[in-house]
Amino acid sequence: MPELPEVETTANGIKPWLLNKTLKKIKVHNPSLRWRVPENLSDNFKGEKITNVCRRGKYILIETQKNSGLIIHLGMSGSLTVITKEKPLLKHDHVELIMQDDTIIRYNDPRRFGCVLDSEDFSKHPLISNLGPEPLSDDFTAKYLKYKSQNKSQAVKNFIMDGHIVVGVGNIYASEALFMAGINPKKAAGKISLQKYSTLVDAIKKVLLNAIAAGGTTLKDFVNADGKPGYFSQQLNVYGRKDKNCRHCNNPIQQIIQGQRSTFYCPKCQR
DNA sequence: AAGGATTCCTGTTGGC
DNA sequence: TGCCAACAGGAATCCT
């Protein structure tokens, strides 16, 4: 499941193949994704030079002109692969970006939770414009979280997974960061001290940076831009470890459901 | 208005 | 072993 580190790795992986190159055409093999891939993508982008490839939250932005271009999300099973020599199309290959030099970027997404869209102004696009700060930026601070959580009864785990609060903290790393910070995921966001938020902010940054350094953790279906799977490169302390011993206190890890998502935590270490 | 519930989809997993 | 139901998950959107 691509989380922020996987998206970062993917964006970095495809960047050298795209930057300052020109798009020859875009082939849409199957437009059926979370939102239908626009029919006229190829017309809009044919002959356009790519001026930047970057990440915002879990969106990959392929810029052709200042602040406009393609918006790609990998959903939970999406991947981008660089194709340099002939390779048969796979079942869930939805879109191909074909470059002037015949390099192909293939978008594959079995579960179709992702998207490939275009935008004339990223900063005004509804998917992008209301996003919270980047977790690895200096804007993401304990003070900010404390401010945003004022009077909130919402569980802190759901709070930090809300992209309007902070982007890129997915289900796996939310559990991991809360464990690292020693915070009970059920605790109301509004009742957490500034000091605890400081610990949490550090934990989120650390967990994400670790994963990026490891090339991205994943469960099953992530394939990085080189086409190599990036399985489980990082050790997970609580996620998926129901009934296993806590690595700190040896008591069993619990699994609960919050916001229809599994949360794993240690009731002894996280209060 | 806030926050919980639903929704999209298919590959994998667990139970019988 | 084989079949099938349950499950997982990002995040917009709907609903209360």
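Order of the sequence lines sets the chain letters (A, B, ...), proteins ahead of strands, with each chain counted from 1. Values reported hereafter were calculated over all heavy atoms of this structure, with side chains retained and with hydrogens, waters and symmetry mates removed. Bear in mind that the values here come from a model prediction, so they are computed numbers and not experimental data.
For the pair A:H73 and C:dA11, the criterion of a side-chain N or O lying under 4.0 Å from OP1 or OP2 is met. When the side-chain nitrogen and oxygen atoms of A:H92 are compared with OP1 and OP2 of B:dG11, one or more of them lie within a distance under 4.0 Å. The phosphate of B:dG3 has OP1 or OP2 within less than 4.0 Å of a side-chain N or O from A:K152.
No side-chain donor-acceptor contact under 3.5 Å links A:S175 to the backbone of A:I172.
If you check every strand for non-hydrogen atoms under 4.0 Å, A:N158 touches sugar and phosphate atoms only. Contact annotation for A:Y59: backbone-only contact, meaning every heavy-atom pair under 4.0 Å involves sugar-phosphate atoms and none involves a base.
Residue A:N171 contributes atom CG, which lies 6 Å from atom P of C:dG10 at whole-angstrom precision. Between A:L74 atom CG and B:dC8 atom C1' there is a gap of 17 Å when expressed in whole angstrom units. Here the P atom of nucleotide B:dG3 and the CZ atom of A:R261 are 18 Å apart, to the nearest Å.
Using a 4.0 Å cut-off on heavy atoms, none of the residues of residues 27-37 of chain A approach DNA chain B.
Between the side chains of A:N108 and A:T81, not a single donor N or O lies within less than 3.5 Å of an accepting N or O. Judged purely by distance below 3.5 Å, without hydrogens or angles, the side chains of A:K157 and A:N171 pair a donor atom with an acceptor atom.
Both A:Q260 and A:Q154 lie near DNA chain B, and the one whose nearest nucleotide falls closer to the 5' end is A:Q154.
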